[in-house]
There are 2 protein chains.
Amino acid sequence: MTYSIAQAAEHSGLSIDTLRYYERIGLVDPPARDSGGRRSYSDDDLGWLVFLTRLRTTGMPIRMMREYAQLRHRGAATAGRRKQMLFEHRASVRARIAELQSCLEVLDYKISHYEEIEHTFIEGITA
Amino acid sequence: MTYSIAQAAEHSGLSIDTLRYYERIGLVDPPARDSGGRRSYSDDDLGWLVFLTRLRTTGMPIRMMREYAQLRHRGAATAGRRKQMLFEHRASVRARIAELQSCLEVLDYKISHYEEIEHTFIEGITA
DNA sequence: GTAGAAGCTGGAGTGCGCTCCAGGTCAACC
DNA sequence: GGTTGACCTGGAGCGCACTCCAGCTTCTAC
């Protein structure tokens with residue numbers, strides 16, 4: 001199967017402009033072109049795009065995604081380094097989750113504080 | 001207790017420049033000044049700064065923090081709206097955590113895939 | 001009374017990650 | 001064969017959240 005840029009955008013959740021941008025900065029390999037010079041994405045291309053969106057969602061900076069892409073391009077010999085990158089990135093995602101969870105506690109506390117205020121206010125009225 | 005801008009920066013984890021920037025854009029009230037015209041932060045000021053850093057850490061955009069700050073400035077009458085904001089923000093933080101966790105699964109999968117490759121490689125050598 | 005550290009102001013600059021635009025090509029349908 | 005719509009390119013522009021700078025003042029210590 002091949003896909004137009006609009007279909008690739010739809011499938012990956014990236015915009016058409018972002019797809020061209022990613023190609024320009026070397027994050028994705030230039031896809032094949034059809035007879036009219038238009039981009040024609042393969043299933044593999046789409047798989048890579050989707051994986052990239054996962055990395056992006058987890059906050060990996062583009063320069064790191066590009067580094068990963070370049071290693072991938074150099075083949076199996078770089079598998080260890082790529083694994084290492086994902087390993088470290090996973091640790092940072094876990095740390096980020098922990099950080100968010102600790103902030104959630106602050107939010108919970110604040111919200112319960114506001115609820116207490118409301119409560120006091122209602123008691124004040126009904127008293 | 002009062003604190004110099006350097007101490008406020010130290011305590012909040014924000015940079016001195018960021019403190020002045022937050023003041024400029026109306027995220028924090030201008031603190032008191034000492035006899036020489038220098039900023040002199042109170043414990044309350046610091047508490048607010050620390051809370052702001054929690055909001056920022058959880059990804060609340062500055063314009064929303066500013067809205068919150070403005071409501072806070074208008075006193076108890078806006079408590080309900082502030083609570084509502086925190087409530088909604090908490091939901092978005094939870095959603096963000098869920099999103100990160102689902103991406104973690106993808107990372108786990110990818111990493112285990114690399115481990116499998118390593119394994120196969122070693123078997124290939126020792127065979 | 002002078003050197004050095006810390007702070008002040010207004011404004012310019014930065015890095016990131018897109019996003020938009022003008023002006024052109026190409027294919028398909030009426 | 002003319003219009004429409006999707007796609008093309010190179011390059012400019014944008015929003016966010018800072019960060020840095022020049023040139024000045026003020027306090028502290030010697």
Side-chain angles (χ1 to χ4, degrees), chain A residues 2-42 45-46 48-69 89 92 96 99 103, chain B residues 2-42 45-46 48-69 89 92 96 99 103:
Chain A
T2 64
Y3 308 86
S4 71
I5 194 165
Q7 288 169 324
E10 168 78 13
H11 187 88
S12 64
L14 298 164
S15 74
I16 290 177
D17 271 315
T18 299
L19 288 178
R20 288 196 280 243
Y21 165 67
Y22 279 7
E23 187 182 328
R24 243 187 344 235
I25 64 173
L27 207 48
V28 307
D29 293 335
R33 299 283 178 139
D34 68 13
S35 61
R38 290 157 196 206
R39 289 171 181 78
S40 174
Y41 293 83
S42 69
D45 291 337
L46 258 61
W48 174 239
L49 283 174
V50 168
F51 180 58
L52 279 183
T53 63
R54 297 290 171 267
L55 294 182
R56 190 195 59 161
T57 296
T58 50
M60 185 183 279
I62 279 190
R63 63 176 177 287
M64 204 178 300
M65 291 198 274
R66 194 160 56 187
E67 192 185 329
Y68 187 91
H89 183 59
S92 85
R96 175 75 180 134
E99 184 180 53
C103 288
Chain B
T2 64
Y3 308 86
S4 69
I5 194 167
Q7 288 169 324
E10 168 79 11
H11 188 87
S12 64
L14 298 164
S15 75
I16 290 176
D17 272 315
T18 300
L19 287 178
R20 288 194 281 243
Y21 165 67
Y22 279 7
E23 186 181 329
R24 246 189 341 236
I25 63 172
L27 207 47
V28 305
D29 293 336
R33 298 284 178 136
D34 69 13
S35 60
R38 290 156 195 205
R39 288 171 182 79
S40 173
Y41 293 84
S42 69
D45 292 336
L46 257 60
W48 174 239
L49 283 175
V50 169
F51 180 58
L52 280 184
T53 63
R54 298 289 171 269
L55 294 182
R56 189 194 61 159
T57 296
T58 50
M60 184 182 280
I62 279 190
R63 65 178 175 285
M64 203 178 299
M65 292 197 273
R66 196 160 55 188
E67 192 185 329
Y68 186 92
H89 183 58
S92 85
R96 175 72 180 137
E99 184 180 52
C103 288

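Predicted model, so just to flag it, every value in this text is computed and none were measured. Proteins come first, then strands; the chains are lettered A, B, ... in the order of their sequence lines, and each starts at number 1.
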> Could you tell me how far apart B:Leu14 (CG) and D:dA17 (P) are, to the nearest whole angstrom?
13 Å

> Quick one: is A:Ser4 getting a side-chain N or O under 4.0 Å of the D:dA6 phosphate, OP1 or OP2?
no

> Measure CG/A:Asp34 against C1'/C:dC26 and give the value in whole Å, please.
9 Å

> Side-chain N or O of B:Arg38 versus OP1/OP2 of C:dA6: is the shortest distance under 4.0 Å?
no

> Looking at A:Tyr21, I'd like to know whether one of its side-chain N or O atoms comes within less than 4.0 Å of OP1 or OP2 on C:dC20.
no

> Under 4.0 Å between a Lys/Arg side-chain N and an Asp/Glu carboxylate O for B:Glu23 and B:Arg20?
no

> Please pick, from C:dC8, C:dC18, C:dC16, the nucleotide with the shortest atom-to-atom distance to any side-chain atom of A:Arg56.
C:dC18

> Whole-Å distance between C:dT9 C1' and B:Ile5 CD1?
12 Å

> Rounded to whole angstroms, how far apart are CD1 on B:Ile16 and P on D:dC20?
12 Å

> Please pick, from D:dT19, D:dC18, C:dC21, the nucleotide with the shortest atom-to-atom distance to any side-chain atom of B:Asp17.
D:dT19

> Quick check: does any side chain N or O of B:Arg66 sit under 3.5 Å from a backbone N or O of B:Ile25, one acting as donor and the other as acceptor?
yes

> On DNA chain C, check which nucleotide each of B:Ser40 and A:Ile62 is closest to and give me the residue with the more 5' one.
B:Ser40

> Take the protein atom CD of A:Glu10 and the nucleotide atom P of D:dC7, then report the distance between them rounded to whole Å.
12 Å

> Could you tell me whether the phosphate oxygens of D:dC8, OP1 or OP2, come under 4.0 Å of any side-chain nitrogen or oxygen in A:Arg39?
yes

> Look at the side chain of B:Trp48 and the backbone N and O of B:Leu27, then say whether any donor-acceptor pair between them is shorter than 3.5 Å.
yes

> Using only side-chain N and O atoms of A:Arg33, determine if any of them is under 4.0 Å from OP1 or OP2 of D:dT9.
yes

> Has B:Ser15 got a side-chain N or O lying under 4.0 Å from the OP1 or OP2 atom of D:dA17?
no

> Identify whether any heavy atom of B:Arg24 sits under 4.0 Å from a base atom; if not, whether one sits that close to sugar-phosphate; answer base, sugar-phosphate or nothing.
base

> Just wondering, do A:Arg56 and A:Tyr22 contact through their side chains at under 4.5 Å, heavy atoms?
yes

> For the pair A:Thr18 (side chain) and A:Leu14 (backbone), establish whether a donor and an acceptor sit closer than 3.5 Å, ignoring hydrogens and angles.
no

> A:Leu52 has an atom CG; how far is it from atom P of C:dG17, in whole Å?
12 Å

> If the cut-off is 4.0 Å, is A:Thr18 near the phosphate of C:dT19, judged by side-chain N/O to OP1 or OP2?
yes

> For A:Arg20, which contact category applies under a 4.0 Å heavy-atom criterion: base, sugar-phosphate, or nothing?
base

> Whole angstroms only, please: what is the CD1-P distance between B:Ile25 and C:dG11?
17 Å

> Would you kindly give the CG-to-P distance between A:Leu19 and C:dG17, to the nearest whole Å?
16 Å

